[in-house]
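Please read the structure below before turning to the comments.
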Amino acid sequence: MLSKRIIACLDVRDGQVVKGINFEGLRSAGDPADLARRYNLEGIDELVILDITATLERRRAMADTIRAVARELFIPLAVGGGIKTEDDAAAAVEAGADKVSLNSAALLNPGLLTTLANRYGSQAVVCAIDAKHAVDANGNKIYAVYSRSGSTAANRDAVEWAREAEQRGAGEILLTSIDRDGTKIGFDCEMTAAVSRAVSIPVIASGGAGRLHDFVDVFTAGAADAALAASIFHYAETSVHALKAHLRAHHIPVRL
Amino acid sequence: MQSRVALIDYKAGNLTSVRKALAAVGAEVYTPEQPSDLADAQGIIVPGVGHFGATAALDAEWTDAILARVGEGRPLLGICLGLQWLYEGSEESPDLKGLGVLSGICHKLKGDSTEGHIIKVPHVGWNSLDRLSNAPIIDGVADGAQVYFTHSYVAPVTSDSAAATTHGERFASIVQRGQVAGVQFHPEKSGEVGLQILRNFMKMVG
């Protein structure tokens, strides 16, 4: 039976892992390669490196950081943050990324998803979507998509954008709840389920993980295929192993 | 002396991770530019992700050179799309032939959107191996060990299957027939279990 994946996210700025609350108020959490090593030993299923400064400060993804993390890691590694062009993606792949995650660049140029899928295969293309609950002009409830690290409204609905991304060649959706990010009050199960049921590619839920049981909820009520967290692992609030043991006790299939 | 293994790059996906994992298990890897470069290969690896149509690049010349080495008893490992290519063909590209050293045709996994029984296709993530044989390629791999998959098409379970995996249906996740082996998952992305399988292949190479 296919396991539900637990993915650790390393938000990297200036070569250090940092984690903020609601995209702001960053504090340092350590060296990316050290953290990657620890998570791998604890049984993490996958890693994501997000260059969180890249989009705003127009930096290229940090090839050195990717190389250092990829060197001794034999699990999937995704890289995102500031990948704007095919060349940016190629640099990340050459450095050792198995997947590249596109966010603002995909909204601006959806064809880039197709270009990269044709070059590396859909399995290497992740469409990252940052969204929050909103109401449209007609008073309908929507999941409003934001670009540029949550700062710019994209005037799109997350369900509709996820469907388009799949059609254009994305192999996975990384869905982050802006409302929940960094709050530790639980994943946005309603939004996650809405997107997960709309596509046949895996949906990775992100934003809001606090308690172990939040992961049970996102895999059941949220219909997520994978869940991503950062701070609860970085500060050793819980280990990956303890989380997976909890999931297994609640009949969620995991790799343990 | 390290064993020289030919890693065939037919432009079906990036090979950085495969190279890294092979280096980690002590293999000396080279990329043959043309079929005649296979002459000195002590083992051959056919990787690949994506559409079966990409295997069209492995034309008659490549196929003949690979079959010649296999005929001399040199081990061959197919990874992911490379495993599917070991069969007679795939419904993904009905007009293309596979290598045909294993019997059967690859077909697409069936998805299911029924609430409570959701089966998404592509099959992406960690899934378990049900051991079916004691083939050398699966040596030291525990029954139920998990490995990382990402694919939509599968090969049927036959007498050549060393392990099966279930995602809606059972399919061949590890195969071995003589010196020819294949894995549907990505050993280079499957942690210690994946490295063990690559070590097993290197043992076959000698």
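- By the neighbour-count criterion of 12 heavy atoms within 6.0 Å, atom NZ of B/K20 is densely surrounded, having more than that number from other residues, nucleotides or ligands.
- Interface remark: B/E192 contributes no atoms to any contact with chain A (heavy atom separation under 4.5 Å).
- Among B/A21, B/A12, B/G13, B/G50, the residue making the largest number of heavy-atom pairs under 4.5 Å with chain A is B/A21.
- Contacts between residues 87-96 of chain B and chain A, defined by a heavy-atom separation under 4.5 Å, are made by no residue at all.
- A donor-acceptor pair under 3.5 Å links the side-chain atoms of A/K244 to the main chain of A/G43, judged by distance alone.
- Contacts with chain A (heavy atom to heavy atom, under 4.5 Å) involve these residues of residues 177-190 of chain B, listed by number: B/E188, B/K189, B/S190.
- Only the side chain of A/R5 comes within less than 4.5 Å of a heavy atom of chain B; its backbone N, CA, C and O stay farther away.
- Considering all non-hydrogen atoms of both residues, A/C127 and A/A106 come closest at SG-CB, 4.5 Å.
- In summary, A/R197 and B/E115 engage in a salt bridge, as defined by a charged side-chain N under 4.0 Å from a carboxylate O.
- Atom CG of residue B/L86 and atom CD1 of residue B/I79 lie 10.5 Å apart, to the nearest 0.5 angstrom.
- Counting heavy-atom neighbours within 6.0 Å of A/E86 CD, excluding the residue itself, gives a total above 12.
- Using a 4.5 Å cut-off between heavy atoms, A/D225 contacts chain B through its side chain alone, with no backbone atom that close.
- In terms of heavy atoms, B/S173 sits closest to B/L129 at OG-CD2, 3.5 Å.
- In this structure, chain B has heavy atoms under 4.5 Å from both the backbone and the side chain of A/A70.
- With B/D143 contributing its side chain and B/R131 its backbone, the two residues share a donor-acceptor pair below 3.5 Å.
- In this structure, chain A has a heavy atom under 4.5 Å from the backbone of B/V121, while its side chain stays farther away.
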With a 3.5 Å cut-off and sequence neighbours excluded, list the donor-acceptor pairs that the side chains of residues 245-252 of chain A form with protein atoms.
{"unit_1": "A/H246", "atom_1": "NE2", "unit_2": "A/H213", "atom_2": "ND1", "d": "3.0"}
{"unit_1": "A/R248", "atom_1": "NH2", "unit_2": "A/V254", "atom_2": "O", "d": "3.4"}
{"unit_1": "A/H250", "atom_1": "ND1", "unit_2": "A/H246", "atom_2": "O", "d": "2.9"}

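- Rounded to the nearest 0.5 Å, atoms CZ (B/R199) and CG (B/L22) are 11.5 Å apart.
- Neither the backbone nor the side chain of A/T220 comes within contact range of chain B; no heavy atoms are under 4.5 Å apart.
- Between B/K120 and A/E172 there is no salt bridge, since none of the side-chain N atoms of the basic residue sits less than 4.0 Å from a carboxylate O of the acidic one.
- With chain B as the partner, the residue from A/A223, A/P253, A/P202, A/S122 showing the most heavy-atom pairs under 4.5 Å is A/P202.
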Self-check item: Audit row: B/I197, B/F201, side-chain contact (heavy atoms from CB on, under 4.5 Å) steps and yes/no
Solution: CA-CA 6 Å; B/I197 285 161; B/F201 179 70; 6.0 Å; no
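- Only the side chain of B/L195 comes within contact range of chain A, with at least one heavy atom under 4.5 Å from a heavy atom of that chain.
- Heavy-atom neighbours of chain A within the stretch residues 144-171 of chain B, taken at a separation under 4.5 angstrom, comprise B/Q146, B/Y148, B/T150, B/T166, B/H167.
- The pair A/E42-A/R37 fails the salt-bridge criterion, with no side-chain N (NZ, NE, NH1 or NH2) lying under 4.0 Å from an Asp/Glu carboxylate O.
- Look at B/D9 and B/K11 and you find a salt bridge, because one of the NZ, NE, NH1 or NH2 atoms lies within 4.0 Å of a carboxylate O, short of that distance.
- Put simply, the side chain of A/D98 gets close to the backbone of A/L77: a donor and an acceptor are under 3.5 Å apart.
- Pairing each heavy atom of A/E164 with each of A/P110, the nearest pair is OE2-CB, 3.8 Å.
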Self-check item: side chain to side chain donor-acceptor pair (under 3.5 Å) between B/T31 and B/R19, worked out
Solution: CA-CA 10 Å; B/T31 304; B/R19 283 204 180 87; 2.9 Å; yes
